[in-house]
J.: 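Just passing along the structure, written as structure tokens.
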Amino acid sequence: MRQLMLGNAAAARGLFEAGCEFISSYPGTPSTEITEEAAKFKEIYCEWAPNEKVALESAFGACIAGRRAFCGMKHVGLNVAADPLFTMSYTGVNAGLVIGVADDPGMHSSQNEQDSRHHAIASKIPMIEPCDSDEARRFAALAFEISEKFDTPVLYKMCTRIAHSQSVTEPAERAVPARKSYEKNIRKYVMTPANAIRRHPFVEQRMCDLEEWSQTSGINRIETGRCPDNLMLLGVPAGKIGIITSSTSYQYVKEVFGDSVSILKLGMVNPLPAGTIRKFSDGLEKLVVVEELDPIIERFVRALNLGCEVLGKNILPLCGEFSQNIIAEAFGKEIRRGKKLDVEIPVRPPIMCAGCPHRGIFYALGKLKVTVFGDIGCYTLGSAAPLSAMDVTLCMGASFSGLHGWNKAGGEENERKSVAVIGDSTFMHSGMTGLASIAYNQSNSTVIVLDNSITGMTGHQQNPTTGKNLYGEPAGRVDLEALSRAMGISRVRVVDPYNIAECENAVREELDAPGPSVIISRRPCVLLKEVRSNPPLKVDADKCRGCRMCMKIGCPAISMRDNKAEIDSTLCVGCAVCPQMCKFGAL
């Protein structure tokens, strides 16, 4: 039965249909729902790993054991998993291994706009790229076939628009292949230099074999257009121009041109099919490569010296997402103008939720005027005005390491006026090694773990500190206090972030004390189902002086009207942070 299905849900369905039995992932938008949807199938074991490197290594172990395995992450997570990824290219697999990576053009929820195709090229691993939910489902199964046929992990590339849009697909039945027995093979699986050097020629030959296969498998297809004689594009008749594209860009091209131009739609983006491209370009005057982010296909096409003009990033943007209008404009076509509302919609700036437990600790840090090394999570919003309580944010786990270097280089002047903050999930992901460096190398660094009992930024996934697994069942729980002490930190204390004075005193005392220290700011995310809100607060208008002190914490439930504070009862959760700001008892 045909169904309208989210791209990520279709990918999960494809994994199910292909007989995948093991999934280990780390949540990262826009890839998270693949694993969450797959967990709904009882036939697939699913888990959240502490980070992407661990997830990929676990999936690798499962495939060596003879079970088809999948590992999911976002584009920056592939950086974390790159160490095992590059060597898995040499070892190959036993049962199929598929690595899902979701890019984020436009940086809707990411700190950079990197193009994961570079990892595929550098690691010499095939990469396939669906363009809609139906291909997301079918390509997931195809990826396992490629993996086992060519003895390789396969990169399965999604992007925000494919992952989070819906289109029609027709689910199929699950087919589980026979379990592959494990046979000891030291030369294949033990990557010492002597063994690895023998595997390298295999990798190179595999890429040649994959390119040959891709040109006859149907994963890349030529769509011959009608090419009306009266349609001119970029100064030439439509019949003399061809478009090479993939993924979301293919959908935009089809919406702009329909079947009026010829298109080479790529499903495998590494290795690229030189023979198919030459065949497609025969008789054309211009080739236009339409691809988001880096000109990877374009550079490959230019290097083929096809004898026709190749256009790409000279008419299309290098940064950000494409749209139908961007493509239409590049080809000189009329742009469809949308209708505008008569009223201007107010801007909704990114801000921490009403009652967010991070608000109190960030206010205290801002009040103390300390330099704050931040990290990746919803608490990164502490950098936004009016709190503005963050100075640096780089990547997962970098806050502790960055603070350590800052303090070692800056000496006592820095040590007494700087801290690092990190979430509980990010601490488990890659913060522990930074804390180990602080303890081992003894910098006078005060670090704060913002423990809100969940992985908040990606939609409330469990992590090793919560005591629950992906399914919400009881699981092993890491004790942050005991772990910090075991790593060599003697001063560890817990504060309630709803108590601003307590937070302020703790930070001041730890900055004044010698040696490293850990402050755990602990209160569960207010959006968790098990967290009960208090009655909303009210403003005593007679006592309110309009001083705006309550506005300094940046709570979206508080606003000013007629020079008086006003609390939105539909947003307020009664956290009682704002009364601590008011000197007149008006809240």
Side-chain angles (χ1 to χ4, degrees), residues 343-370 372 377-390 419 421 423 448 450-454 456 460 493-509 519-587:
V343 294
E344 188 172 337
I345 299 175
V347 176
R348 183 173 181 251
I351 194 168
M352 289 184 290
C353 303
C356 176
H358 304 321
R359 184 169 278 108
I361 189 73
F362 276 128
Y363 177 78
L365 294 174
K367 184 178 178 181
L368 293 171
K369 292 182 172 58
V370 296
V372 178
C378 52
Y379 51 89
T380 312
L381 292 170
S383 62
L387 292 169
S388 305
M390 201 170 287
V419 301
V421 297
I448 303 171
L450 306 173
D451 182 7
N452 66 349
S453 306
I454 204 70
H460 286 178
R493 63 198 294 177
V494 179
V495 298
D496 180 1
Y498 280 178
N499 188 327
I500 295 177
E502 181 185 15
C503 294
E504 188 177 334
N505 290 336
V507 172
R508 185 182 288 109
E509 289 170 9
I519 300 172
I520 300 172
S521 172
R522 177 170 289 145
R523 184 172 278 271
C525 174
V526 71
L527 297 182
L528 290 174
K529 293 179 181 178
E530 59 267 27
V531 174
R532 294 187 177 181
S533 300
N534 295 320
L537 300 179
K538 298 179 180 180
V539 178
D540 186 333
D542 293 335
K543 293 182 178 180
C544 179
R545 305 292 179 85
C547 68
R548 295 178 177 263
M549 275 298 294
C550 55
M551 298 292 290
K552 291 188 175 182
I553 57 174
C555 178
I558 307 174
S559 60
M560 297 296 295
R561 178 173 293 183
D562 299 329
N563 205 34
K564 298 283 186 178
E566 184 174 81
I567 293 179
D568 186 337
S569 62
T570 65
L571 293 177
C572 179
V573 299
C575 70
V577 170
C578 59
Q580 300 171 58
M581 312 292 296
C582 184
K583 299 178 181 179
F584 307 105
L587 302 173

J.: Of the non-hydrogen atoms in I448 and S521, which two are nearest, and what is the gap between them?
T.: CG2-CB, 4.2 Å

J.: Could you walk me through whether C578 and I558 satisfy the side chain to side chain contact (heavy atoms under 4.5 Å, CB included) test, starting with their C-alpha distance in whole Å, then the side-chain angles of each, then the deciding distance to 0.1 Å, before giving a yes or no?
T.: CA-CA 9 Å; C578 59; I558 307 174; 3.7 Å; yes

J.: Is L365 close to V421 at the side-chain level, that is, under 4.5 Å between some pair of heavy atoms?
T.: yes

J.: Side chains of M551 and P386, heavy atoms from C-beta outward: is any pair under 4.5 Å?
T.: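 A side-chain contact under 4.5 Å is absent here.
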
J.: Taking atom CG of N505 and atom CG of N499, what is their separation to the nearest 0.5 Å?
T.: 8.5 Å

J.: In Å and rounded to the nearest 0.5 Å, what is the OG to NZ distance from S388 to K552?
T.: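 So the gap between those two atoms works out to 12.0 Å.
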
J.: Please collect all salt bridge (Lys or Arg N to Asp or Glu O under 4.0 Å) contacts where either partner lies in residues 554-563, sequence neighbours excluded, each pair once.
T.: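 Sorted pair list: R561-E566.
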
J.: Quick one: does N534's side chain have a donor or acceptor within less than 3.5 Å of a partner on G574's backbone?
T.: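 Between the backbone of G574 and the side chain of N534 there is a qualifying donor-acceptor contact (under 3.5 Å).
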
J.: Answer whether the closest heavy-atom distance between the side chains of L527 and C353 falls below 4.5 Å.
T.: yes

J.: Would you mind reporting whether M352 and L387 have side-chain heavy atoms less than 4.5 Å apart?
T.: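 With C-beta onward as the side chain, the pair touches.
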
J.: Does a side-chain heavy-atom distance below 4.5 Å link V526 with C575?
T.: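 V526 vs C575: side chains apart.
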
J.: Taking C-beta and beyond as the side chain, do L587 and V539 meet within less than 4.5 Å on heavy atoms?
T.: yes

J.: Search all heavy atoms of C503 against all heavy atoms of A364 and return the closest pair with its distance.
T.: CB-CB, 4.0 Å

J.: Start with the C-alpha distance between M390 and F362, add both sets of side-chain angles, then the distance that settles side chain to side chain contact (heavy atoms under 4.5 Å, CB included), and finish with yes or no.
T.: CA-CA 8 Å; M390 201 170 287; F362 276 128; 3.6 Å; yes

J.: So M581 and I500, do their side chains get closer than 4.5 Å, heavy atoms only?
T.: yes

J.: If you look at every heavy atom in I454 and H460, which pair is closest and at what distance?
T.: CG1-CA, 3.5 Å

J.: With a 6.0 Å cut-off (strictly less than), is the heavy-atom count around CZ of R548, excluding the residue itself, greater than 12?
T.: no

J.: With side chains defined as the heavy atoms from C-beta onward, is the minimum distance between L537 and P579 less than 4.5 Å?
T.: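 With C-beta onward as the side chain, the pair touches.
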
J.: I need the minimum non-hydrogen distance between V495 and P497, along with the two atoms involved.
T.: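 Shortest heavy-atom contact: O-CD, 3.6 Å.
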
J.: Search all heavy atoms of R508 against all heavy atoms of L368 and return the closest pair with its distance.
T.: NH2-CD2, 3.3 Å

J.: Under a 4.0 Å threshold between the charged nitrogen and the carboxylate oxygen, would R522 count as salt-bridged to D496?
T.: no

J.: Just how far is it from atom CG of L450 to atom SG of C378, taken to the nearest 0.5 Å?
T.: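 With rounding to 0.5 Å, CG (L450) is 9.0 Å from SG (C378).
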
J.: Please indicate whether K564 has more than 12 foreign heavy atoms, meaning atoms of other residues, nucleotides or ligands, lying under 6.0 Å from its NZ.
T.: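 Check passes, neighbour count above 12.
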
J.: Please report the interatomic distance SG(C356) to CG(L381), rounded to the nearest 0.5 Å.
T.: 8.0 Å

J.: Which atom pair, heavy atoms only, marks the closest approach of G423 to Y379?
T.: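 That would be N-OH, 3.0 Å.
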
J.: Side chain of Y498, backbone of G355: donor and acceptor closer than 3.5 Å?
T.: yes

J.: Determine whether a donor-acceptor pair (N or O, by modelled atom type, separation under 3.5 Å) exists between the side chain of R493 and the backbone of I520.
T.: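 Here the side-chain-to-backbone pair does not exist.
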
J.: K543: which residues meet the salt bridge (Lys or Arg N to Asp or Glu O under 4.0 Å) condition with it, sequence neighbours left out?
T.: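 Listed in chain order: nothing, the list is empty.
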
